[in-house]
Amino acid sequence: MSRKMDIVHEIKTKVTSGTVIPKPEAKANFVVKGWGMRRGETALIYQIPNHNNPRKPYEKGVNEGEWNKVYKRILYGENFTTDWFNRNMPNCAKEGSCNFTTIGGIFQLLGLVDYERGVYKPR
């Protein structure tokens with residue numbers, strides 16, 4: 001990783017409503033809804049499939065502090081793993097393990113990481 005950027009600004013300008021989030025094993029699309037609130041901060045909100053009622057997808061989100069925390073990790077060349085995610089971001093992890101692959105997928109869209117066997121590796 002060569003240069004530091006305002007990662008939240010990058011996400012807000014490059015990941016728009018309707019963007020499909022790359023997921024390694026998803027059977028349906030996870031789609032960006034927009035910005036809202038999660039855990040007391042502004043957050044990227046996304047929709048996940050509700051197989052019982054497809055017209056009413058579930059919503060989850062990743063807040064600005066969480067984006068910054070993971071970005072700092074990959075900026076310094078460290079992998080983003082589920083183990084690290086669960087230990088260092090317990091509230092985000094508690095909302096659902098799909099937050100892990102959402103963070104990784106958004107960073108993939110931005111060209112910051114590659115996904116390999118359960119790990120998001122900095123480019």
Side-chain angles (χ1 to χ4, degrees):
M1 197 82 352
S2 57
R3 67 177 187 86
K4 187 175 181 185
M5 64 178 90
D6 178 344
I7 194 60
V8 172
H9 176 75
E10 288 292 305
I11 295 167
K12 284 182 177 179
T13 57
K14 294 182 178 172
V15 181
T16 57
S17 178
T19 299
V20 175
I21 303 165
K23 296 278 190 166
E25 297 176 24
K27 293 176 179 36
N29 288 340
F30 287 54
V31 180
V32 172
K33 179 180 180 185
W35 290 84
M37 296 294 289
R38 280 294 187 278
R39 294 171 290 288
E41 292 183 47
T42 300
L44 180 76
I45 306 299
Y46 64 98
Q47 297 179 322
I48 66 172
N50 176 345
H51 300 293
N52 292 326
N53 186 350
R55 290 188 190 147
K56 291 190 175 194
Y58 298 114
E59 291 185 0
K60 298 201 177 197
V62 177
N63 70 35
E64 290 185 5
E66 293 159 346
W67 289 112
N68 284 312
K69 189 171 200 170
V70 177
Y71 178 63
K72 183 177 179 182
R73 180 166 182 81
I74 63 170
L75 182 66
Y76 291 107
E78 298 181 48
N79 292 339
F80 179 49
T81 65
T82 53
D83 182 56
W84 184 91
F85 174 71
N86 290 331
R87 284 186 290 110
N88 292 279
M89 301 173 69
N91 292 331
C92 188
K94 209 182 312 180
E95 188 179 77
S97 61
C98 56
N99 277 345
F100 170 74
T101 54
T102 292
I103 295 167
I106 295 296
F107 283 146
Q108 267 186 297
L109 284 175
L110 296 176
L112 300 173
V113 299
D114 292 310
Y115 179 80
E116 187 179 311
R117 290 179 284 179
V119 176
Y120 292 93
K121 298 181 176 190
R123 284 192 178 163

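With sequence neighbours excluded, the residues that form a side-chain contact (heavy atoms from CB on, under 4.5 Å) with Lys12 are Val8, Trp35, Thr42, Glu64. Listed by chain and number, the residues in a salt bridge (Lys or Arg N to Asp or Glu O under 4.0 Å) with Lys121 are Glu116 (sequence neighbours excluded). Residues meeting the side-chain contact (heavy atoms from CB on, under 4.5 Å) test with Arg87, sequence neighbours left out: Asp83, Trp84. In terms of the side-chain contact (heavy atoms from CB on, under 4.5 Å) criterion, residue partners of Glu78 (sequence neighbours excluded) are, by chain and number, Arg73, Tyr76. By the side-chain contact (heavy atoms from CB on, under 4.5 Å) test, Ser97 is found to be paired with no residue, residues two or more places apart in sequence or in another chain being considered. For the side chain to side chain donor-acceptor pair (under 3.5 Å) test, residues two or more places apart in sequence or in another chain that qualify with Asp114 are Arg123.
For the salt bridge (charged side-chain N to carboxylate O under 4.0 Å, His left out) condition, the pairs that include at least one residue of residues 88-112, sequence neighbours left out, are Arg38-Glu95, Arg39-Glu95. Among pairs with a residue in residues 45-54, none fulfils salt bridge (charged side-chain N to carboxylate O under 4.0 Å, His left out), at least two apart in sequence or across chains. Applying the salt bridge (charged side-chain N to carboxylate O under 4.0 Å, His left out) test to pairs two or more places apart or on separate chains, none has a residue in residues 98-108. Among residues at least two apart or in separate chains, ring-ring contact (aromatic ring centres under 6.0 Å, His included) pairs with a member in residues 89-112 are Trp67-Phe107, Phe80-Phe100, Phe85-Phe100, Phe100-Tyr120.
When side chains are defined from C-beta on, Asn79 counts as touching Pro122, because their heavy atoms get closer than 4.5 Å.
Here the side chain of Asn99 pairs a donor or acceptor atom with the backbone of Cys92 at under 3.5 angstrom. Side-chain atoms of Asn63 come within 3.5 Å of backbone atoms of Gly65 as a donor-acceptor pair (strictly under, hydrogens ignored). Here the side chain of Glu10 pairs no donor or acceptor atom with the backbone of Leu110 at under 3.5 angstrom. In this structure, the side chain of Tyr71 does not engage the main chain of Ile74 through any donor-acceptor pair within 3.5 Å.
Taken from OH in Tyr58 to CD1 in Ile48, the straight-line distance is 7.5 Å, to the nearest 0.5 Å. The line from CG of Leu112 to CG of Leu75 is 9.0 Å long, rounded to the nearest 0.5 Å. In this structure, Glu59 CD and Tyr46 OH are separated by 11.0 Å, a value rounded to the nearest 0.5 Å.
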Side-chain donor-acceptor pairs of residues 15-25 under 3.5 Å, sequence neighbours excluded:
| residue | atom | partner | partner atom | Å |
| --- | --- | --- | --- | --- |
| Ser17 | OG | Lys33 | O | 3.1 |
| Thr19 | OG1 | Thr16 | N | 3.3 |
| Thr19 | OG1 | Thr16 | O | 2.7 |
| Lys23 | NZ | Cys98 | O | 2.8 |
| Lys23 | NZ | Thr101 | OG1 | 2.7 |
| Lys23 | NZ | Thr102 | OG1 | 2.6 |

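One hydrophobic cluster, built from ILVMFWY side chains closer than 4.5 Å, cannot hold both Leu109 and Ile45; they sit in different ones.
Here the closest heavy-atom approach between residue Asn50 and residue Asn52 is recorded as OD1-N, 3.0 Å.
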